[in-house]
Amino acid sequence: MSLELSIPVESGAISALLDAAEHPAALVLLAHGSGAGKDHPFMSGYAQAVAALGCSVLRFNFPYMDAGKKFPDKAPTAVSAWNHVRDWAAENLAGDLPIFAAGKSFGGRMASVAVSEGMDAAGLVFLGYPLHAPKKEEKLRDEHLYALQVPMLFLEGTRDPFANPQIMADVASRLNEKTELVWFEGGDHSFKVARSGRTPEQDGAGLAEATTRFIRSVLGHRS
């Protein structure tokens, strides 16, 4: 059962949910995409499945989502939220556990920006990295990624209009050697496969095995 939490920030609080693993190997901080918050079935399906496989997950809302606003926070606000959540989790939840930063689309991109600006993370997990806007493949959101030295896992659907497969593969090939790119055949930006019959919870849960395999690989290399 998910535990409701409130993370204090200067302007009030950030709402969060903790899905705790019984014997966690790591703590995964999870941010949502631009259009739906931490309570979305995709997010809950993913978080609960990752926890069942041995990594606790703290999913949180960006300030705009808690405020009921339609449009995402600007990058400085979103990065500040990431830093607050990371610092609070390190002090109050993680103990000796390594902390990974994960996010759906916008949430993952903002995590990578935060890490590029100094936020500490054992690794980054992207659930559909928004490499470019649909049909705007000439404007890539990749510049800050090349300097990152943390392990990175990109989980991508082959039919995602935000990530042309050829361009995504080329970008990933030029990132650090601890980068992994895993494709989900037929998946769109929400990893929905046409006529699959899967629920959003199942679509999210379907990413858990690749996530925990990556985390355990990173931890194995660190030990």
Side-chain angles (χ1 to χ4, degrees), residues 24-33 46 50 53-60 62 73-91 93-132 137 139-156 160 162-184 207-223:
L27 174 63
V28 179
L29 308 181
L30 175 63
H32 57 79
Y46 175 78
V50 170
L53 291 175
C55 295
S56 294
V57 181
L58 178 71
R59 46 190 157 119
F60 66 93
F62 287 112
D73 296 316
K74 299 292 186 181
T77 300
V79 168
S80 177
W82 255 113
N83 279 290
H84 276 296
V85 171
R86 198 273 172 208
D87 290 346
W88 183 89
E91 184 174 344
L93 283 180
D96 294 330
L97 294 176
I99 297 176
F100 287 76
K104 177 74 182 77
S105 192
F106 170 80
R109 183 164 72 93
M110 290 299 101
S112 65
V113 173
V115 170
S116 75
E117 295 179 1
M119 186 180 81
D120 189 24
L124 285 162
V125 179
F126 302 102
L127 314 181
Y129 186 81
L131 184 61
H132 53 76
E137 298 170 358
K139 295 182 179 180
L140 299 183
R141 301 160 176 155
D142 63 336
E143 187 174 348
H144 68 288
L145 296 173
Y146 298 105
L148 297 179
Q149 295 304 308
V150 301
M152 291 184 279
L153 173 64
F154 291 84
L155 304 177
E156 304 289 338
D160 185 350
F162 288 82
N164 175 288
Q166 287 183 317
I167 300 174
M168 185 73 245
D170 176 64
V171 169
S173 73
R174 292 184 283 124
L175 301 179
N176 73 62
E177 72 276 5
K178 297 169 287 188
T179 299
E180 295 183 31
L181 172 59
V182 177
W183 292 105
F184 289 81
L207 310 183
E209 184 178 352
T211 298
T212 54
R213 185 172 62 243
F214 167 76
I215 289 173
R216 293 184 187 280
S217 173
V218 171
L219 299 181
H221 289 148
R222 289 175 53 176
S223 63

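Since we're looking at a predicted model, the values are computed, not measured.
- By the side chain to side chain contact (heavy atoms under 4.5 Å, CB included) test, Asp87 pairs with no residue at all, sequence neighbours left out.
- With sequence neighbours excluded, the residues forming a side chain to side chain donor-acceptor pair (under 3.5 Å) with Asp170 are Arg174, listed by chain and number.
- Counting heavy atoms from C-beta on, the side chains of Val115 and Leu124 come closer than 4.5 Å.
- In this structure Ala114 satisfies the side chain to side chain contact (heavy atoms under 4.5 Å, CB included) test together with Val79, Trp82, Asn83, Met119, sequence neighbours excluded.
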Checklist entry - Between Val50 and Thr212, does a side chain to side chain contact (heavy atoms under 4.5 Å, CB included) hold up when you go through it step by step? => result CA-CA 7 Å; Val50 170; Thr212 54; 4.0 Å; yes
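- Scanning all heavy atoms of the two residues, the minimum distance from Ala81 to Phe62 falls at CB-CD2, 4.0 Å.
- The backbone N or O of Val150 lies less than 3.5 Å from a partner atom in the side chain of Asn176, making a donor-acceptor pair.
- When the side chain to side chain donor-acceptor pair (under 3.5 Å) test is applied to Glu117, no partner is found at least two apart in sequence or on another chain.
- For Phe214, there are no ring-ring contact (aromatic ring centres under 6.0 Å, His included) partners at least two apart in sequence or on another chain.
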Next on the checklist: Show, in sequence, the C-alpha distance, side-chain angles and deciding distance for Leu140 and Ile167, and conclude whether the side chain to side chain contact (heavy atoms under 4.5 Å, CB included) test is met.
Outcome noted: CA-CA 9 Å; Leu140 299 183; Ile167 300 174; 3.8 Å; yes
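- Nearest heavy atoms, Val218 versus Ala122: CG1-O, 3.9 Å.
- Taking both residues in full, the closest heavy atoms of His132 and Lys139 are given as CB-O, 3.6 Å, listed atom of the first, atom of the second, then distance.
- Among residues two or more places apart in sequence or in another chain, the side chain to side chain donor-acceptor pair (under 3.5 Å) test is passed with Asp120 by Arg86.
- Residues Arg216 and Gly54 approach most closely at NH2-CA, 3.7 Å, considering heavy atoms.
- Residue Phe126 comes nearest to Gly108 through the heavy atom pair CE2-O, 3.2 Å, listed as atom of the first residue, atom of the second, then distance.
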Side-chain donor-acceptor pairs of residues 93-106 under 3.5 Å, sequence neighbours excluded:
{"unit_1": "Lys104", "atom_1": "NZ", "unit_2": "His189", "atom_2": "O", "d": "2.6"}
{"unit_1": "Ser105", "atom_1": "OG", "unit_2": "His189", "atom_2": "NE2", "d": "2.8"}

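- Counting heavy atoms from C-beta outward, Phe154 and Val171 have side chains that stay 4.5 Å or more apart.
- Evaluation of the side chain to side chain contact (heavy atoms under 4.5 Å, CB included) rule for Arg141 yields Arg109, Tyr129, Pro130, Ala133, Phe162 as partners, not counting sequence neighbours.
- For the atom pair OG1 (Thr211) and CG (Leu127), the distance works out to 6.0 Å, reported to the nearest 0.5 Å.
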Next on the checklist: Using side chain to side chain contact (heavy atoms under 4.5 Å, CB included), reason through Leu175 and Leu148 one step at a time and then give a plain yes or no.
Outcome noted: CA-CA 8 Å; Leu175 301 179; Leu148 297 179; over 6 Å; no
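- Note: Glu156 CD to Leu181 CG = 6.5 Å, rounded to the nearest 0.5 Å.
- Using a 4.5 Å heavy-atom cutoff, the side chains of Asp160 and Phe184 are not in contact.
- Among residues two or more places apart in sequence or in another chain, the side chain to side chain contact (heavy atoms under 4.5 Å, CB included) test is passed with Ser80 by His84.
- Interatomic distance, CG of Leu219 versus OG of Ser217, reported as 8.5 Å (0.5 Å rounding).
- Applying the ring-ring contact (aromatic ring centres under 6.0 Å, His included) rule to Tyr46 yields no partners; only residues at least two apart in sequence or on another chain are considered.
- In terms of heavy atoms, Leu29 sits closest to Ala89 at CD2-CB, 3.8 Å.
- Residues forming a side chain to side chain donor-acceptor pair (under 3.5 Å) with Asp73 (at least two apart in sequence, or on another chain): none.
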